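Notes to accompany the following structure.
In this text the structure is predicted, and so the values were computed from the model without any measurement. If you read the sequence from its start, that first residue is 1, and numbering goes on from there.
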Amino acid sequence: MNYRNDEEERSAEGQLEHALADLAAPAPADFALRVLQRVGIPRERYDTYSHLDSAAGGVYVAYSPDAVTGSAIDTMVTGSEEFERLHHARTGRTAIRASAPFPGLRPALRTGRAKRLPIDLGGLTDLERAVLHAVRSIPSGQLRPITWLAREASLPSATRPITEALAKNPVPLLIPCHRVTYESGAPCDAAYAERVGDALRSAEGIDMHRLKELTQRGAVFLGSDTTRIYCHPTCAHARRITRPHQVPFRTAGDARQAGYRACKSCRPATA
């Protein structure tokens, strides 16, 4: 009889330990979100966010029901708490972790093609929004100089206002500021931590060593002696020009004087 009582006691203790372990288990990722929804907190008072993989490592991305509202690569913050704090300071809305990312977010991060992803740029000036909208039009795997951005955004070509606008990019990576260069061809990584821009360009197959060699040869633009069209060197059409048929140009004016037409895809005439 005592044996049975001892066994029953041990069984009860084991059940209690399991129950306590369940209570101590981490809450589900979207537990806080469920609580807010249950108590009826208005949706416009908070955003949700996910932590996803990208070519530059992990990235936090916040979003409302309608658009992406902010992001930060892991190297830009110390963790989720800092991301939440910075997001609240910038938008006035709390960021609550969720398990399901914004629709289209995963493929946009995987392919580098986020142009169609809705992004909320509220809180920025007209100039800053114009610059960032122009940045969004740069295709994956290609680069554009600051003067190109200025002309595309119908702004004066002064460098400082453009770089300041890039530095205020609230959605690093999804608005691809790593695709912007100075006129010398050097990267303008105003929106990124050290080496992040290099990682993103490398992931998109941008060969910066080749571009540096072209710049040293005076090839700010590349023309094709078969099509008589000139492009930015990273344009998809320029990459198909074989070396024997490459014609380097230092300026768009030089290309026009030589009888070359501007590529309609990368629009070098605006530079």
Side-chain angles (χ1 to χ4, degrees), residues 29 46-64 67-91 93-124 128-129 131-144 146 149 162-182 186-208 234:
Y46 65 90
D47 291 338
T48 50
Y49 74 93
S50 299
H51 187 256
L52 304 168
D53 292 328
S54 77
V59 57
Y60 295 95
V61 184
Y63 36 88
S64 70
V68 171
T69 55
S71 70
I73 299 167
D74 279 357
T75 54
M76 304 171 78
V77 292
T78 57
S80 58
E81 290 185 4
E82 184 181 10
F83 175 71
E84 292 170 11
R85 179 177 59 78
L86 293 174
H87 186 78
H88 186 273
R90 184 177 61 81
T91 66
R93 296 188 301 277
T94 300
I96 304 297
R97 191 152 190 168
S99 55
F102 189 83
L105 185 54
R106 287 188 189 277
L109 288 171
R110 185 179 66 253
T111 64
R113 297 179 176 90
K115 186 177 179 181
R116 297 183 182 275
L117 197 69
I119 294 178
D120 182 357
L121 294 179
L124 299 181
E128 290 162 352
R129 283 195 294 270
V131 169
L132 295 178
H133 280 307
V135 172
R136 297 192 71 188
S137 70
I138 306 174
S140 177
Q142 300 189 33
L143 302 175
R144 297 290 186 273
I146 283 177
L149 279 185
I162 303 294
T163 56
E164 288 177 348
L166 296 175
K168 289 186 179 180
N169 179 8
V171 195
L173 185 59
L174 293 169
I175 296 182
C177 290
H178 57 281
R179 298 174 191 162
V180 180
T181 70
Y182 292 104
C188 176
D189 285 337
Y192 297 102
E194 187 179 1
R195 292 188 296 277
V196 171
D198 290 338
L200 294 173
R201 285 183 289 273
S202 178
E204 293 183 9
I206 299 174
D207 187 344
M208 296 304 295
T234 54

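Within a 6.0 Å radius of CZ in Arg113, other residues, nucleotides and ligands contribute 12 heavy atoms or fewer.
The side-chain heavy atoms of Leu105 and Leu174, taken from C-beta on, include a pair separated by under 4.5 Å. Between Ser71 and Ile175 the shortest side-chain heavy-atom distance does not fall below 4.5 Å. When side chains are defined from C-beta on, His133 counts as touching Leu121, because their heavy atoms get closer than 4.5 Å. With a 4.5 Å cut-off on side-chain heavy atoms, Leu132 and Val171 do not count as touching. At least one side-chain heavy atom of Arg136 sits under 4.5 Å from a side-chain heavy atom of Leu117. The closest side-chain heavy-atom distance from Ser80 to His51 is not below 4.5 Å. Counting heavy atoms from C-beta on, the side chains of Leu143 and Ile138 never come closer than 4.5 Å. Side-chain contact between Arg144 and Thr234 is present, with at least one heavy-atom pair separated by less than 4.5 Å.
Rounding to the nearest 0.5 Å gives a distance of 8.5 Å between CG of Asp189 and OH of Tyr182. Taking OG of Ser50 as the reference point, atom CZ of Phe102 lies at 11.0 Å (rounded to 0.5 Å). Here OG of Ser140 is found 7.0 Å from CD1 of Ile206. Values are rounded to the nearest 0.5 Å. Interatomic distance, Cys188 SG to Ile146 CD1, rounded to the nearest 0.5 Å: 4.0 Å. Atom CE of Met208 sits about 11.0 Å away from atom OG of Ser202, to the nearest 0.5 Å. Residue Arg201 holds its CZ atom at 12.0 Å from CG of Asp207, rounded to the nearest 0.5 Å.
Below 30°, between 30° and 60°, or above 60°: for His178 and Tyr192 the angle between ring planes is above 60°, a perpendicular geometry.
In plain terms, the two heavy atoms of His87 and Ala95 that are nearest each other are CD2-CB, 3.8 Å. Scanning all heavy atoms of the two residues, the minimum distance from Ala72 to Phe83 falls at CB-CD1, 3.8 Å. Scanning both residues, Arg106 and Leu52, for their nearest heavy atoms gives NH1-CD2, 3.4 Å. Minimum interatomic distance between Tyr49 and Arg97 (heavy atoms only, all atoms of both residues): CE2-N, 3.3 Å. The minimum heavy-atom distance between Ala191 and Cys177, with the atom names listed, is CB-CB, 4.0 Å. Contact record, Gly57 with Ser54: O-OG, 2.7 Å, taken as the closest heavy-atom pair.
A distance-only check finds no donor-acceptor pair linking the side chain of Arg179 to the backbone of Gln142 [under 3.5 Å].
Between Arg85 and Glu82, at least one side-chain N (NZ, or NE/NH1/NH2) sits under 4.0 Å from a carboxylate O, which counts as a salt bridge. Note on Arg195 versus Asp198: no salt bridge recorded, every NZ/NE/NH1/NH2 to OD/OE distance being 4.0 Å or above.
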For Ser64 and Asp120, run side chain to side chain contact (heavy atoms under 4.5 Å, CB included): C-alpha distance rounded to whole Å, both residues' side-chain angles, the deciding distance at 0.1 Å, then the answer. CA-CA 9 Å; Ser64 70; Asp120 182 357; 5.7 Å; no

